[in-house]
Protein chains: 2
Amino acid sequence: MTNKTQRSERRADALSKDKIVEAAIAILDTDGEAALTFRALAARLSTGSGAIYWHVADKSDLLMAATDAIISRVMANVVVADGPANSIRAIALGVFDAIDTHPWVGAQLAGEPWQAAMGQILERIGRQLQALGVPQHAQFNAASSLLNFILGVAGQNAAAARLKGRVTDRSAFLASVAAQWTQRDPSEYPFVRQVAAQLLDHDDRQQFLAGIDLILAGIGTLR
Amino acid sequence: MTNKTQRSERRADALSKDKIVEAAIAILDTDGEAALTFRALAARLSTGSGAIYWHVADKSDLLMAATDAIISRVMANVVVADGPANSIRAIALGVFDAIDTHPWVGAQLAGEPWQAAMGQILERIGRQLQALGVPQHAQFNAASSLLNFILGVAGQNAAAARLKGRVTDRSAFLASVAAQWTQRDPSEYPFVRQVAAQLLDHDDRQQFLAGIDLILAGIGTLR
DNA sequence: ACCTGAACACCGTTCAAGT
DNA sequence: ACCTGAACACCGTTCAAGT
């Protein structure tokens, strides 16, 4: 037996980008965005943090690959039927629900355009807009409007998820938010005061659908 | 003369949250989000990094205060006239242009709801929706739809700004994005391929306005 | 070719010590 | 009350050294 510090055994099963991405998703889902570090990831994969860089360019690359994996699954499972308008609702709800279960996906979509997941969503929405009979010249704007609305909600939901745990009473928290918004000068915030009650107990998913419907109604006026 | 390391002089002009926020805005505007560190801020203010914490809770507090300052100025300068629909366009464009000149504001809005700036925008939009005659029960959803669309665009623009400098040819960059989206299986991306040409040379501001108009058209169908 | 883990160059935040 | 700046506990990323 020697005194020299023993190097760890080399891992038997080869690492791969897929395995790394799956491990990252597991960490993100169970412990949140902040918990995903290369050290935590390396520990979970029983390897050195540097090994990950052999398969993944950097943290942004890793996050985009994880987001793409989730969105791919969602898109594969979305049931497109009952006409193009309902199909768009289904696609949008698919993304919404994915963000609900994987809030970090929301942050990623909202803050990183040009990733593969964005192309997938755009494609799915665009095809349904064509089926809906939206004139060709208006299709890009219509798709981008729906997409941007979805991304806006995505960012907000990701932020809301970051509070989970720290905030136990959602209504009380939202009440304190509304109070802070209006406190600088209550007479300056008549609208916020009016909707404060609805803010406290509104259903995010239902409000999301209402927004999609509003944009669809607007698209319906296009000729 | 002593050999003891000389402590720096104590600053003559008192620090204040306002002064700190202004310095932060200057750093964010000239050198970008990544350049705002407590060390850089302390250097610019000729103080210790710890001093900043006497006036500001943490980095999030600082960023929210900076965002609120910018949005307050924008809202004070927005000209509301020509009827409620045009006023909503003016408010939205005000936010869009603010994000264009201060991209970090976009990132902040997209990723941090419940900050004061959000209350300001919501209030301004809501009041115009009331003037537009939107039925009371639909006002909250309508306002939230417009707001979320704006936040979606905000996040994308902030991300686009992060590339400035690194990317010199916008068209070439967007072409490579579209190519990457479709390359996995070109036959799976007919819509993206169709709009790729528009993607390359579309005007962000004009597309933003088209989205606002689409939502306004949808709101017009509400009764 | 792929993996290991120490080392580097940073962060935000805290806090004892000063005025 | 307010300020100073070293110290702490982290990060992402690199890279010489291993297999």
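By convention in this document, chain letters (A, B, ...) are assigned in the order of the sequence lines, proteins followed by strands, and residues within each chain are numbered from 1.
- A 4.5 Å side-chain heavy-atom check between A:Q206 and A:L209 finds every atom pair outside the cut-off.
- With rounding to whole Å, B:L41 atom CG is found 15 Å from D:dG5 atom C1'.
- The base-pairing partner of C:dA17, taking Watson-Crick or G-U wobble contacts with both distances under 3.5 Å, does not exist among the strands shown.
- Between the P atom of C:dC15 and the CD1 atom of B:I52 lies a distance of 17 Å, rounded to the nearest Å.
- Residues A:L147 and A:M118 have side chains in contact (heavy-atom distance under 4.5 Å, counting atoms from C-beta outward).
- Look at B:W54 and you'll find a side-chain N or O under 4.0 angstrom from OP1 or OP2 of D:dC2.
- Side-chain polar atoms of B:S187 and B:D185 form a donor-acceptor pair below 3.5 angstrom.
- In this structure, C:dC8 and D:dG12 make a Watson-Crick or G-U wobble pair, each of the two defining distances being under 3.5 angstrom.
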Between the protein and nucleotides 10-13 of chain C, which nitrogen or oxygen pairs are less than 3.5 angstrom apart?
{"residue": "C:dG12", "atom": "OP1", "partner": "B:K59", "partner atom": "NZ", "Å": "2.6"}
{"residue": "C:dG12", "atom": "OP2", "partner": "B:F38", "partner atom": "N", "Å": "3.2"}
{"residue": "C:dG12", "atom": "N7", "partner": "B:R39", "partner atom": "NH2", "Å": "2.7"}
{"residue": "C:dG12", "atom": "O6", "partner": "B:R39", "partner atom": "NH2", "Å": "2.7"}
{"residue": "C:dT13", "atom": "OP2", "partner": "B:Y53", "partner atom": "OH", "Å": "2.9"}
{"residue": "C:dT13", "atom": "OP2", "partner": "B:K59", "partner atom": "N", "Å": "3.0"}
{"residue": "C:dT13", "atom": "O5'", "partner": "B:Y53", "partner atom": "OH", "Å": "3.2"}

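- Every residue was checked against the side chain to side chain donor-acceptor pair (under 3.5 Å) condition with A:W181, not counting sequence neighbours, and none meets it.
- The side chain to side chain contact (heavy atoms under 4.5 Å, CB included) test with B:S87 singles out one residue from B:V78, B:V79, B:I125, B:V80, and that residue is B:V80.
- Closest approach of A:V74 and A:V95 over heavy atoms only: CG1-N, 4.1 Å.
- In this structure, D:dC3 forms no base pair with any nucleotide, since neither Watson-Crick nor G-U wobble geometry is met with both distances under 3.5 Å.
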